[in-house]
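If you're wondering where the values come from, they're calculated on a predicted model, not measured in any experiment.
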Amino acid sequence: QVQLVESGGGLVQAGGSLRLSCTASGSIFSIGDMHWYRQAPGQQRELVAGISSGGATNYADSAKGRFTISTDNAKNTWYLQMNSLKPEDSAVYYCAVEVAPYSDWREDVYWGQGTQVTVSS
């Protein structure tokens with residue numbers, strides 16, 4: 001099967017930086033688009049950034065100019081570089097990747113386990 005493992009969260013002061021990673025492993029036939037989401041307590045999950053299989057990127061307004069999404073295709077790994085962090089960026093961050101496994105070649109969205117980002121003021 002397919003697994004997504006996230007890392008890189010933590011506690012940082014306002015103005016600081018963190019880099020999140022998301023790595024896909026398993027019996028992967030193909031990979032499509034990838035997105036980073038976040039969810040703060042009591043709030044809905046929101047889209048932060050995305051990158052298509054072709055490399056096109058998009059960002060939420062709150063992330064533009066501060067966050068950068070990138071990918072290392074050879075490692076099936078995606079990154080979210082977060083700079084100039086603000087307390088309102090505190091949330092659990094999730095990666096979501098469109099993956100077709102060899103088992104059925106059907107593309108589904110797989111989710112990472114989430115990583116906590118806490119920004120102190």
Side-chain angles (χ1 to χ4, degrees):
Q1 283 298 339
V2 176
Q3 298 86 36
L4 295 182
V5 177
E6 299 180 43
S7 62
L11 174 63
V12 65
Q13 289 187 333
S17 298
L18 285 174
R19 188 177 80 157
L20 307 183
S21 299
C22 173
T23 299
S25 63
S27 184
I28 297 172
F29 172 68
S30 66
I31 293 178
D33 298 346
M34 183 275 180
H35 296 89
W36 286 99
Y37 290 83
R38 68 186 182 188
Q39 187 168 20
Q43 298 188 20
Q44 291 187 333
R45 190 170 297 188
E46 63 174 354
L47 178 65
V48 177
I51 185 166
S52 72
S53 56
T57 60
N58 63 87
Y59 297 92
D61 288 343
S62 60
K64 288 179 182 177
R66 300 187 300 126
F67 294 2
T68 302
I69 189 171
S70 62
T71 182
D72 184 337
N73 291 323
K75 297 180 179 179
N76 286 345
T77 297
W78 298 264
Y79 305 97
L80 185 67
Q81 177 67 44
M82 305 186 294
N83 300 328
S84 302
L85 283 163
K86 306 174 182 180
E88 51 264 43
D89 294 318
S90 297
V92 178
Y93 284 70
Y94 298 90
C95 60
V97 185
E98 298 172 349
V99 178
Y102 274 107
S103 59
D104 58 14
W105 298 350
R106 185 183 71 182
E107 189 174 83
D108 285 322
V109 178
Y110 290 80
W111 290 82
Q113 81 280 11
T115 186
Q116 178 69 49
V117 171
T118 303
V119 184
S120 62
S121 58

Asks: Taking Glu98 for its side chain and Glu107 for its backbone only, find out whether a donor-acceptor pair lies under 3.5 Å.
Replies: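 Absent.
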
Asks: Just verifying a value: how many Å separate Arg66 CZ and Met82 CE, rounded to the nearest 0.5 Å?
Replies: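 Reported to 0.5 Å precision, the distance equals 9.0 Å.
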
Asks: Under the side chain to side chain contact (heavy atoms under 4.5 Å, CB included) rule, collect the residues that match up with Gln39, sequence neighbours excluded.
Replies: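 With neighbours one apart ignored, the set is Arg45, Tyr94.
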
Asks: Any chance you could measure Tyr79, atom OH, to Thr68, atom OG1, to the nearest 0.5 Å?
Replies: 14.0 Å

Asks: State plainly whether the residues Lys64 and Asp61 are in salt-bridge range, i.e. N to O under 4.0 Å.
Replies: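 Here Lys64 pairs with Asp61 in a salt bridge, since their nearest N and O are under 4.0 Å apart.
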
Asks: In terms of hydrophobic clusters joined by side-chain contacts under 4.5 Å, are Ile31 and Tyr37 together?
Replies: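 Hydrophobic grouping puts Ile31 apart from Tyr37.
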
Asks: Show me the donor-acceptor pairs, under 3.5 Å and distance only, between side chains in residues 7-26 and residues at least two apart or in other chains.
Replies:
unit_1 : atom_1 : unit_2 : atom_2 : d
Ser17  : OG     : Asn83  : OD1    : 2.9
Thr23  : OG1    : Thr77  : OG1    : 2.9
Ser25  : OG     : Gln3   : OE1    : 3.4

Asks: Can you tell me how far the CD atom of Glu6 sits from the CH2 atom of Trp36, to the nearest 0.5 Å?
Replies: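 If we round to the nearest 0.5 Å, Glu6:CD and Trp36:CH2 are 5.0 Å apart.
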
Asks: Tell me the closest heavy-atom pair linking Tyr102 and Ile28, and the distance in Å.
Replies: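 The answer is CE1-O, 3.1 Å.
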
Asks: Hey, what do you get for CH2 (Trp78) to CG (Asp33), rounding to the nearest 0.5 Å?
Replies: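 That separation rounds to 10.5 Å.
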
Asks: Check whether any side-chain N or O of Ser90 sits under 3.5 Å from a backbone N or O of Val119 as a donor-acceptor pair, and report yes or no.
Replies: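 Pair found, side chain donor or acceptor close to backbone of Val119.
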
Asks: Output the distance between atom CG (Asn73) and atom OG (Ser53), rounded to the nearest 0.5 Å.
Replies: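 Nearest 0.5 Å value for the CG-OG distance: 9.0 Å.
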
Asks: Within the structure provided, determine whether Phe67 and Leu85 are in side-chain contact (heavy-atom separation under 4.5 Å).
Replies: yes

Asks: Working to the nearest 0.5 angstrom, can you tell me the gap between Tyr110 OH and Met34 CE?
Replies: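 Nearest 0.5 Å value for the OH-CE distance: 15.5 Å.
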
Asks: Where do Gln116 and Ala91 come nearest, in terms of heavy atoms and distance?
Replies: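 Between these two residues, the closest heavy atoms are NE2-O, 3.4 Å.
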
Asks: Check the hydrophobic clustering (I, L, V, M, F, W, Y; side-chain heavy atoms under 4.5 Å; chains of links allowed) and say if Val92 and Trp111 are grouped together.
Replies: yes

Asks: Measure across Arg38 and Ser62 and return the closest heavy-atom pair with its distance rounded to 0.1 Å.
Replies: NH2-OG, 3.4 Å

Asks: How far apart are the closest heavy atoms of Leu80 and Ala49, and which atoms are they?
Replies: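 What the structure gives for the nearest pair is CD1-CB, 4.1 Å.
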
Asks: Quick check: is Tyr93 connected to Leu4 through a chain of hydrophobic side chains (ILVMFWY, heavy atoms under 4.5 Å apart)?
Replies: yes

